[in-house]
Amino acid sequence: MMMHLIMSDLIIIFVTIPLEMAWKINVQWKAGNAACKILLYLRNFGPYLSSTVGACISLDKYFAIVYPLRFFYAYKRSKKLLGAAWAISIICSIPQVNKAPFHS
């Protein structure tokens with residue numbers, strides 16, 4: 001789970017933050033509509049993924065405390081939780097693509 005959290009943090013560090021800085025500095029978008037939609041999607045995907053993976057980690061800790069003897073199910077449960085986190089993040093980021101603020 002930590003690897004997935006690190007991946008989401010890297011998306012935020014290398015996509016979201018530089019993109020926000022570039023959009024604050026530049027007045028006009030010159031990369032085209034496709035690049036705008038892709039980067040806008042990634043800009044929203046990183047925080048969604050980070051928060052959902054954080055929730056997965058919390059749920060995994062909860063299950064480890066409440067059901068300490070069911071450690072055989074932990075691997076299967078964590079795979080399901082992470083799959084749900086990625087799916088939720090992908091689905092929640094899709095509407096943001098239609099709101100692309102810059103069109104060439």
Side-chain angles (χ1 to χ4, degrees):
M1 288 196 182
M2 292 305 291
M3 181 184 71
H4 293 272
L5 187 61
I6 290 168
M7 287 173 24
S8 66
D9 289 342
L10 288 174
I11 291 172
I12 291 172
I13 290 169
F14 291 116
V15 175
T16 305
I17 294 173
L19 193 58
E20 287 295 323
M21 291 182 348
W23 279 352
K24 298 292 182 197
I25 294 171
N26 292 328
V27 179
Q28 188 177 21
W29 181 257
K30 297 182 182 185
N33 194 29
C36 179
K37 288 184 180 278
I38 291 169
L39 290 173
L40 189 60
Y41 179 84
L42 288 174
R43 174 181 162 217
N44 292 297
F45 178 72
Y48 278 126
L49 185 61
S50 180
S51 60
T52 54
V53 170
C56 288
I57 292 170
S58 298
L59 283 171
D60 188 53
K61 287 181 180 182
Y62 168 78
F63 286 122
I65 292 170
V66 174
Y67 306 109
L69 299 178
R70 295 186 183 172
F71 54 88
F72 291 113
Y73 302 110
Y75 181 72
K76 202 181 270 190
R77 182 180 57 237
S78 65
K79 284 180 73 172
K80 288 179 183 178
L81 285 171
L82 287 172
W86 279 85
I88 290 169
S89 301
I90 288 168
I91 291 168
C92 288
S93 298
I94 289 173
Q96 301 301 321
V97 174
N98 294 330
K99 298 170 101 179
F102 303 107
H103 296 284
S104 53

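For the single chain, residues carry numbers from 1 onward in sequence order. For the numbers below, each heavy atom of this structure counts, side chains included, while hydrogens, waters and symmetry mates do not. Model, not experiment: these values are computed from the prediction.
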Transitive ILVMFWY cluster of [X], excluding itself - 4.5 Å side-chain cut-off:
X	value
Ile13	Ile6, Leu10, Phe14
Ile12	Ile17, Met21
Ile88	none

- Query: Please, which pairs that meet salt bridge (Lys or Arg N to Asp or Glu O under 4.0 Å) have at least one residue in residues 8-17, sequence neighbours excluded?
  - Reply: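 Qualifying pairs: none.
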
- Item | salt bridge (Lys or Arg N to Asp or Glu O under 4.0 Å) contacts touching residues 14-27 (sequence neighbours left out) |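 Passing the test, one end in residues 14-27: Glu20-Arg43.
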
From [X] atom [atom1] to [Y] atom [atom2], the distance as rounded to the nearest 0.5 Å:
X	Y	atom1	atom2	value
Phe45	Ser8	CZ	OG	8.5 Å
Asn44	Ile11	CG	CD1	12.0 Å
Leu39	Thr16	CG	OG1	9.5 Å
Tyr41	Ile90	OH	CD1	5.0 Å

- Contacts of type side chain to side chain donor-acceptor pair (under 3.5 Å), residue Ser89, not counting sequence neighbours: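 Applying side chain to side chain donor-acceptor pair (under 3.5 Å) to Ser89 gives Thr52.
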
- Task: List in chain and number order the residues that pass side-chain contact (heavy atoms from CB on, under 4.5 Å) with Ala87, two or more places apart in sequence or in another chain; answer none if no residue qualifies.
- Result: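 Partners of Ala87 under the side-chain contact (heavy atoms from CB on, under 4.5 Å) test: none.
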
Could you go through residues 53-66 and list every donor-acceptor pair under 3.5 Å that involves a side-chain atom there, pairing it with any protein atom two or more places apart or in another chain?
from	atom 1	to	atom 2	distance (Å)
Ser58	OG	Gly54	O	3.1

- Message: So does Pro47 get a backbone contact from the side chain of Ser51, meaning a donor-acceptor N/O pair under 3.5 Å?
- Response: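 Yes, the answer is positive, given that a donor and an acceptor are paired below the 3.5 Å cut-off.
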
- Mind jotting down which residue pairs meet the side chain to side chain donor-acceptor pair (under 3.5 Å) criterion with at least one end in residues 72-86? Sequence neighbours excluded, please.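 Every side chain to side chain donor-acceptor pair (under 3.5 Å) pair that includes a residue of residues 72-86, provided the two are not neighbours, is His4-Trp86.
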
